[in-house]
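Worksheet: the structure to be examined is printed underneath.
Treat the numbers as computed from the prediction; the structure is a model and nothing was measured.
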2 protein chains.
Amino acid sequence: MIEKVNKSRVISPFKPDNHAHGECLKSALDAAKLQCTNKGMRLTPLRQRVLELVWQNHEPVKAYDILDALKQEKASSAPPTVYRALDFLQQQGLVHKIESLNAYIGCGHPFESHSSQFFICQRCGSVAELDDTNVNRLIDSIANELKFTIEHEHIEIKGHCQNCVTKKHNSHA
Amino acid sequence: MIEKVNKSRVISPFKPDNHAHGECLKSALDAAKLQCTNKGMRLTPLRQRVLELVWQNHEPVKAYDILDALKQEKASSAPPTVYRALDFLQQQGLVHKIESLNAYIGCGHPFESHSSQFFICQRCGSVAELDDTNVNRLIDSIANELKFTIEHEHIEIKGHCQNCVTKKHNSHA
DNA sequence: TGTATTAATGTTATAATGTAACATTAAATC
DNA sequence: GATTTAATGTTACATTATAACATTAATACA
């Protein structure tokens, strides 16, 4: 499931527009169920539903967009409904928050807590998630020099994915 | 002004509690004035005042805290007063936004646009800013492999600075 | 120097994001 | 079954940020 490319552990690559996303969703849900079972945590119907909504695609999803969707299904849904589910999912490693977008993205590899480097396409919104050994080591070594104890890392790289750069070229946009 | 430590360009190190902060403020303002003059941009009194407020210390400052301070000086100040000044200062490289804190921190080295790695102490709130060549090169090389074109990087490392770890130890907290 | 133009700021309103606090319901424990 | 804890419901509000239009200040240039 996890490919190693030049010491980069690719948690989630950029996906072609036409990939079979049902598979992504299914495997994410399977992973979530397994993870929660292993940890003795409850993936309640609400939490699962929020996770599904986060996994609509490979783009970060906004909390209030999730809320809007939940309201379609249950009119009384409110912000805490969403934020509590998102908090739980983040604690289980099933969802990450993209801080620079105030948005949330699913993670298909929750089993071991890991560092992440997010590459975020500003054109199509797609995100690739890596856990690159070299980046981790380098950040650790810098922290070490600074005598800094790392608790958490937010690494969010914004720009344009290959697909969008190609499209842009083709359309002379 | 810029020290090179093991290929890390230290934009702003962690400072001792008792450092002469007036010097930091003064040199930041001097740099800002020079930078704006060079670029033909106007560091108006309002913009300068906001910059001074950002430079109160080496901790990220919240927009609404700046607003509260401005209101003391001019009761009619409103959110756009602050956000417009912050936008300008960010464009000039005089201020960076810490995305994971929704807060803003001054940058004393605006002359050339650079990448930043922020180390953020969760205990005392202090921030160190680096521009590490190795990090930059590594991120670039990963982007290159992904055929990803980088526009901007947000790298925010959270944890505890040496000073706070030592204190914690001493106080058995 | 006055006039046109642009840039900056003022002002009001509202949007977007997130949390506190307490009530209720459901699940697990014993 | 009673007790306790976990999860969700509900209302209210706090925080962060922007839109839109009016006014003032600065710059350009006739």
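- Remark: side-chain polar atoms of K15(A) are not paired, donor with acceptor, to backbone N or O of N57(A) under 3.5 angstrom.
- Note: F148(A) and F14(B) have parallel aromatic rings, judged against thresholds of 30 and 60 degrees for the angle between ring planes.
- Summarising the geometry, the separation between OH on Y83(B) and P on dG10(C) is reported as 17 Å, rounded to the nearest angstrom.
- At least one side-chain nitrogen or oxygen of S76(A) sits closer than 4.0 Å to the OP1 or OP2 atom of dT10(D).
- In this structure, the CZ atom of R84(A) is 11 Å from the C1' atom of dC22(C), given to the nearest Å.
- For M41(A) and dA7(D), the CE to P distance is 6 Å, given to the nearest whole Å.
- In this model, the phosphate group of dT15(D) is not approached by any side-chain N or O of K62(B) to a distance below 4.0 Å at OP1 or OP2.
- In this structure, L46(A) places its CG atom 17 Å from P of dT25(C), rounding to the nearest Å.
- The interatomic distance linking I66(A) (CD1) with dA16(C) (P) rounds to 16 Å, in whole Å.
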*asked:* Using the rule given for salt bridge (charged side-chain N to carboxylate O under 4.0 Å, His left out), can you reason through R49(B) versus E52(B), listing the C-alpha separation, both sets of side-chain angles and the distance that settles it, and then say yes or no?
replied: CA-CA 5 Å; R49(B) 185 70 191 117; E52(B) 288 167 9; 2.8 Å; yes

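- Within the 4.0 Å cut-off from OP1 or OP2 of dT17(C), not a single side-chain nitrogen or oxygen of K97(A) is found.
- For L101(A) and dT16(D), the CG to P distance is 18 Å, given to the nearest whole Å.
- Remark: K74(A) is in phosphate contact with dG9(D), judged by side-chain N or O atoms under 4.0 Å from OP1 or OP2.
- Contact between the side-chain N/O atoms of N102(B) and the OP1/OP2 oxygens of dT15(D) is not found at any separation under 4.0 Å.
- Side-chain nitrogen and oxygen atoms of T44(B) include none within less than 4.0 Å of the OP1 or OP2 phosphate oxygen of dA25(D).
- The aromatic ring of Y64(A) stacks onto the base of dT17(C), its centre lying under 5.5 Å from the centre of the six-membered base ring with the two planes under 30° apart.
- A sub-4.0 Å separation between OP1 or OP2 of dG10(C) and a side-chain N or O of S77(B) is absent.
- L86(A) places its CG atom 9 Å from the P atom of dG18(C), with the value rounded to the nearest Å.
- Minimum heavy-atom separation, L51(B) to A32(B): CD2-CB, 3.4 Å.
- One atom, CG of D87(A), and another, C1' of dG18(C), lie 10 Å apart when rounded to the nearest Å.
- Remark: the E99(B) side chain and the H154(A) side chain contain no N/O donor-acceptor pair separated by less than 3.5 Å.
- Here R42(A) lies in heavy-atom contact (under 4.0 Å) with sugar-phosphate atoms only.
- R47(A) comes within 4.0 angstrom of sugar-phosphate atoms only, judged by non-hydrogen atoms across all strands, and of no base.
- Nearest nucleotide to the P80(B) side chain, out of dT16(D), dG10(C), dT12(C): dT12(C).
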